[in-house]
Undergrad: 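Below is one structure. I have some questions about it.
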Amino acid sequence: MRDTSLKDANAGQMLLATGVVLLMSLLSMAIFGVKVAGLTLPHEAASDDVIDTTDQVLETIQPLTQARMELWMDGGLEPLEAAELGFETVHDDLLHHGELRGVEIKLTNMAVSELDSNTLQVSAELGVSDGEAMLNYEVAFTLTVQAS
(Lines give C-alpha, C1' and ligand atoms only; values in the text may rest on other atoms or scores of the structure.)
Protein backbone atom coordinates (compact mmCIF):
# COMPACT_ATOMS: atom_id res chain seq x y z
CA MET A 1 0.00 0.00 0.00
CA ARG A 2 1.21 3.43 -0.89
CA ASP A 3 1.39 6.19 1.67
CA THR A 4 1.13 9.84 0.59
CA SER A 5 2.33 12.52 2.85
CA LEU A 6 0.46 15.66 3.70
CA LYS A 7 3.01 17.66 1.70
CA ASP A 8 2.23 15.73 -1.50
CA ALA A 9 -1.53 16.20 -1.02
CA ASN A 10 -1.13 19.97 -0.57
CA ALA A 11 1.02 20.21 -3.71
CA GLY A 12 -1.67 18.41 -5.72
CA GLN A 13 -4.38 20.75 -4.45
CA MET A 14 -2.26 23.79 -5.33
CA LEU A 15 -1.68 22.41 -8.82
CA LEU A 16 -5.42 21.83 -9.24
CA ALA A 17 -6.25 25.37 -7.99
CA THR A 18 -3.69 26.87 -10.39
CA GLY A 19 -5.28 24.96 -13.27
CA VAL A 20 -8.77 26.19 -12.34
CA VAL A 21 -7.57 29.81 -12.14
CA LEU A 22 -5.84 29.48 -15.52
CA LEU A 23 -8.96 27.93 -17.08
CA MET A 24 -11.19 30.73 -15.73
CA SER A 25 -8.78 33.37 -17.07
CA LEU A 26 -8.80 31.81 -20.53
CA LEU A 27 -12.60 31.60 -20.50
CA SER A 28 -12.87 35.26 -19.46
CA MET A 29 -10.51 36.34 -22.26
CA ALA A 30 -12.49 34.30 -24.80
CA ILE A 31 -15.79 35.94 -23.78
CA PHE A 32 -14.18 39.39 -23.94
CA GLY A 33 -12.76 38.59 -27.40
CA VAL A 34 -16.17 37.60 -28.71
CA LYS A 35 -17.72 40.82 -27.38
CA VAL A 36 -15.00 43.00 -28.92
CA ALA A 37 -15.29 41.19 -32.26
CA GLY A 38 -18.99 42.14 -32.37
CA LEU A 39 -18.17 45.86 -32.04
CA THR A 40 -16.69 46.05 -35.53
CA LEU A 41 -19.85 44.94 -37.33
CA PRO A 42 -20.90 47.81 -39.61
CA HIS A 43 -24.67 47.57 -39.30
CA GLU A 44 -27.25 45.26 -37.85
CA ALA A 45 -30.01 44.90 -40.42
CA ALA A 46 -32.69 44.26 -37.81
CA SER A 47 -31.90 47.51 -35.96
CA ASP A 48 -33.32 50.33 -38.07
CA ASP A 49 -35.30 51.85 -35.20
CA VAL A 50 -33.60 55.26 -35.43
CA ILE A 51 -34.22 55.61 -39.17
CA ASP A 52 -37.80 54.31 -38.96
CA THR A 53 -38.62 56.56 -36.00
CA THR A 54 -37.13 59.62 -37.73
CA ASP A 55 -39.24 58.94 -40.83
CA GLN A 56 -42.38 58.58 -38.72
CA VAL A 57 -41.68 61.81 -36.84
CA LEU A 58 -41.04 63.74 -40.06
CA GLU A 59 -44.30 62.44 -41.58
CA THR A 60 -46.47 63.37 -38.61
CA ILE A 61 -44.93 66.43 -36.95
CA GLN A 62 -46.41 69.09 -39.27
CA PRO A 63 -50.02 67.81 -39.44
CA LEU A 64 -50.05 67.09 -35.73
CA THR A 65 -48.71 70.54 -34.84
CA GLN A 66 -51.24 72.13 -37.23
CA ALA A 67 -54.12 70.27 -35.56
CA ARG A 68 -52.91 71.18 -32.07
CA MET A 69 -52.51 74.83 -33.03
CA GLU A 70 -56.07 74.92 -34.36
CA LEU A 71 -57.39 73.40 -31.13
CA TRP A 72 -55.63 76.03 -29.04
CA MET A 73 -56.85 78.79 -31.34
CA ASP A 74 -60.42 77.49 -30.98
CA GLY A 75 -59.84 77.83 -27.24
CA GLY A 76 -59.08 81.53 -27.64
CA LEU A 77 -55.30 81.78 -28.00
CA GLU A 78 -53.56 83.95 -30.54
CA PRO A 79 -52.01 82.05 -33.50
CA LEU A 80 -48.36 82.46 -32.48
CA GLU A 81 -49.00 81.42 -28.88
CA ALA A 82 -51.22 78.53 -30.04
CA ALA A 83 -48.51 77.31 -32.42
CA GLU A 84 -45.82 77.43 -29.72
CA LEU A 85 -48.02 75.56 -27.26
CA GLY A 86 -49.09 73.05 -29.91
CA PHE A 87 -45.46 72.39 -30.89
CA GLU A 88 -44.44 71.93 -27.25
CA THR A 89 -47.22 69.39 -26.66
CA VAL A 90 -46.19 67.51 -29.81
CA HIS A 91 -42.62 67.40 -28.47
CA ASP A 92 -43.87 66.02 -25.14
CA ASP A 93 -45.87 63.33 -26.93
CA LEU A 94 -42.91 62.38 -29.14
CA LEU A 95 -40.67 62.14 -26.10
CA HIS A 96 -43.14 59.81 -24.41
CA HIS A 97 -43.64 57.80 -27.62
CA GLY A 98 -39.88 57.31 -27.89
CA GLU A 99 -39.63 56.08 -24.31
CA LEU A 100 -42.26 53.44 -25.07
CA ARG A 101 -40.32 52.27 -28.15
CA GLY A 102 -36.91 52.36 -26.50
CA VAL A 103 -35.78 55.23 -28.72
CA GLU A 104 -35.00 58.73 -27.48
CA ILE A 105 -36.68 61.53 -29.44
CA LYS A 106 -35.74 65.13 -28.66
CA LEU A 107 -36.55 68.43 -30.30
CA THR A 108 -34.13 71.23 -29.45
CA ASN A 109 -33.77 74.84 -30.56
CA MET A 110 -37.52 74.98 -31.14
CA ALA A 111 -38.65 78.25 -32.70
CA VAL A 112 -41.93 79.55 -34.09
CA SER A 113 -41.97 82.79 -36.07
CA GLU A 114 -44.56 84.67 -38.07
CA LEU A 115 -43.94 84.87 -41.83
CA ASP A 116 -47.14 86.77 -42.58
CA SER A 117 -50.60 87.11 -41.09
CA ASN A 118 -51.64 83.63 -42.32
CA THR A 119 -48.37 81.66 -42.15
CA LEU A 120 -46.12 80.62 -39.27
CA GLN A 121 -42.64 79.11 -39.69
CA VAL A 122 -41.64 76.34 -37.27
CA SER A 123 -38.06 75.08 -36.95
CA ALA A 124 -36.18 72.77 -34.61
CA GLU A 125 -33.41 70.22 -34.48
CA LEU A 126 -34.64 66.64 -34.21
CA GLY A 127 -32.43 64.13 -32.43
CA VAL A 128 -33.32 60.43 -32.45
CA SER A 129 -31.15 57.80 -30.80
CA ASP A 130 -31.16 54.33 -29.38
CA GLY A 131 -28.33 52.52 -27.63
CA GLU A 132 -26.39 52.03 -30.86
CA ALA A 133 -27.08 54.90 -33.25
CA MET A 134 -27.95 58.59 -33.28
CA LEU A 135 -29.43 60.77 -36.03
CA ASN A 136 -29.77 64.57 -36.06
CA TYR A 137 -32.09 66.25 -38.53
CA GLU A 138 -33.11 69.86 -39.10
CA VAL A 139 -36.90 70.17 -39.09
CA ALA A 140 -38.68 73.13 -40.71
CA PHE A 141 -42.28 73.46 -41.78
CA THR A 142 -45.05 76.02 -42.04
CA LEU A 143 -48.41 76.24 -40.32
CA THR A 144 -51.40 77.93 -41.89
CA VAL A 145 -53.57 80.18 -39.76
CA GLN A 146 -57.23 79.67 -40.64
CA ALA A 147 -59.34 82.83 -40.60
CA SER A 148 -62.05 82.58 -37.94
Side-chain angles (χ1 to χ4, degrees), residues 9-148:
N10 285 342
Q13 287 180 355
M14 290 301 291
L15 183 61
L16 180 62
T18 302
V20 169
V21 168
L22 179 62
L23 183 63
M24 295 301 289
S25 295
L26 290 172
L27 182 61
S28 175
M29 288 188 307
I31 291 171
F32 178 74
V34 168
K35 286 181 181 177
V36 169
L39 292 177
T40 60
L41 294 176
H43 176 69
E44 184 181 333
S47 178
D48 289 338
D49 289 341
V50 170
I51 295 170
D52 292 341
T53 302
T54 302
D55 286 343
Q56 290 172 2
V57 168
L58 293 174
E59 286 175 14
T60 60
I61 195 166
Q62 192 279 337
L64 188 55
T65 305
Q66 179 76 41
R68 298 273 175 92
M69 179 189 75
E70 290 170 6
L71 285 173
W72 286 110
M73 285 176 56
D74 290 345
L77 292 180
E78 293 297 317
L80 187 61
E81 187 179 2
E84 289 173 347
L85 192 54
F87 195 40
E88 287 175 18
T89 61
V90 168
H91 172 255
D92 294 343
D93 288 347
L94 289 172
L95 187 63
H96 182 68
H97 174 73
E99 289 172 355
L100 294 176
R101 290 187 61 170
V103 176
E104 185 175 359
I105 303 170
K106 292 266 185 168
L107 287 168
T108 57
N109 302 327
M110 296 172 29
V112 179
S113 58
E114 196 171 46
L115 294 178
D116 59 41
S117 61
N118 293 327
T119 310
L120 300 173
Q121 175 71 35
V122 179
S123 64
E125 184 175 326
L126 172 66
V128 181
S129 68
D130 62 6
E132 299 171 15
M134 181 174 162
L135 180 62
N136 286 331
Y137 196 88
E138 293 292 326
V139 177
F141 56 89
T142 58
L143 300 173
T144 305
V145 178
Q146 304 296 327
S148 334

Undergrad: What are the two closest heavy atoms between L143 and A83, and how far apart are they?
TA: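 Result for this residue pair: CD1-CB, 3.8 Å.
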Undergrad: Going by the rule side-chain contact (heavy atoms from CB on, under 4.5 Å), which residues pair with E81 if we only count those two or more places apart in sequence or in a different chain?
TA: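 Residues passing side-chain contact (heavy atoms from CB on, under 4.5 Å) with E81: L77.
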Undergrad: Just jot down the side-chain contact (heavy atoms from CB on, under 4.5 Å) partners of L15, sequence neighbours excluded, or say none.
TA: none
Undergrad: Is the backbone of M24 close enough, under 3.5 Å, to the side chain of S28 for a donor and an acceptor to pair up by distance?
TA: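 The answer is no, because no donor-acceptor pair under 3.5 Å joins these two groups.
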Undergrad: Tell me, which pairs form a ring pair (Phe, Tyr, Trp, His ring centres under 6.0 Å) where one or both residues lie in residues 63-90, sequence neighbours left out?
TA: F87-F141
Undergrad: List the atom pairs, donor and acceptor, that lie under 3.5 Å between side-chain atoms in residues 102-110 and the rest of the protein, sequence neighbours left out.
TA:
none

Undergrad: Supply the atom-to-atom distance T65 OG1 to H91 NE2, rounded to the nearest 0.5 angstrom.
TA: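 Going from the OG1 atom of T65 to the NE2 atom of H91 covers 11.5 Å.
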Undergrad: Identify, with sequence neighbours excluded, every residue that meets side-chain contact (heavy atoms from CB on, under 4.5 Å) alongside A133.
TA: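 Result, side-chain contact (heavy atoms from CB on, under 4.5 Å) vs A133: V50, D130.
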Undergrad: If the condition is side-chain contact (heavy atoms from CB on, under 4.5 Å), which residues does T142 pass it with, not counting sequence neighbours?
TA: L115, T119, Q121
Undergrad: Enter the distance from E78:CD to L85:CG here, rounded to the nearest 0.5 Å.
TA: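 It comes to 13.5 Å.
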Undergrad: Taking the side chain as C-beta and beyond, is there a heavy-atom pair between L126 and N136 under 4.5 Å?
TA: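 Of all side-chain heavy-atom pairs linking N136 with L126, none is under 4.5 Å.
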Undergrad: Once salt bridge (charged side-chain N to carboxylate O under 4.0 Å, His left out) is applied, what residue pairs with a partner in residues 82-93 remain, sequence neighbours excluded?
TA: R68-D93
Undergrad: Rounded at 0.5 Å granularity, tell me how far OG in S113 sits from CG in L120.
TA: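 One gets 7.5 Å once the value is rounded to the nearest 0.5 Å.
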Undergrad: Who pairs with Y137 by ring-ring contact (aromatic ring centres under 6.0 Å, His included), at least two apart in sequence or on another chain?
TA: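 Per chain and number, Y137 pairs via ring-ring contact (aromatic ring centres under 6.0 Å, His included) with no residue.
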Undergrad: Could you pull out all residues at least two apart from Q56 that satisfy side chain to side chain donor-acceptor pair (under 3.5 Å)?
TA: R101
Undergrad: To the nearest 0.5 Å, how far apart are CG in L80 and CE in M73?
TA: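 Separation between the atoms: 11.0 Å.
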Undergrad: How long is the straight-line distance from CG of L64 back to CG of L94, given to the nearest 0.5 Å?
TA: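 CG of L64 is found 7.0 Å from CG of L94.
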Undergrad: Output the distance between atom CE (M69) and atom OG1 (T89), rounded to the nearest 0.5 Å.
TA: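 M69 CE to T89 OG1: 12.0 Å, rounded to 0.5 Å.
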Undergrad: Just do the side chain to side chain contact (heavy atoms under 4.5 Å, CB included) check on M14 and L16 with the steps written out, would you?
TA: CA-CA 5 Å; M14 290 301 291; L16 180 62; over 6 Å; no
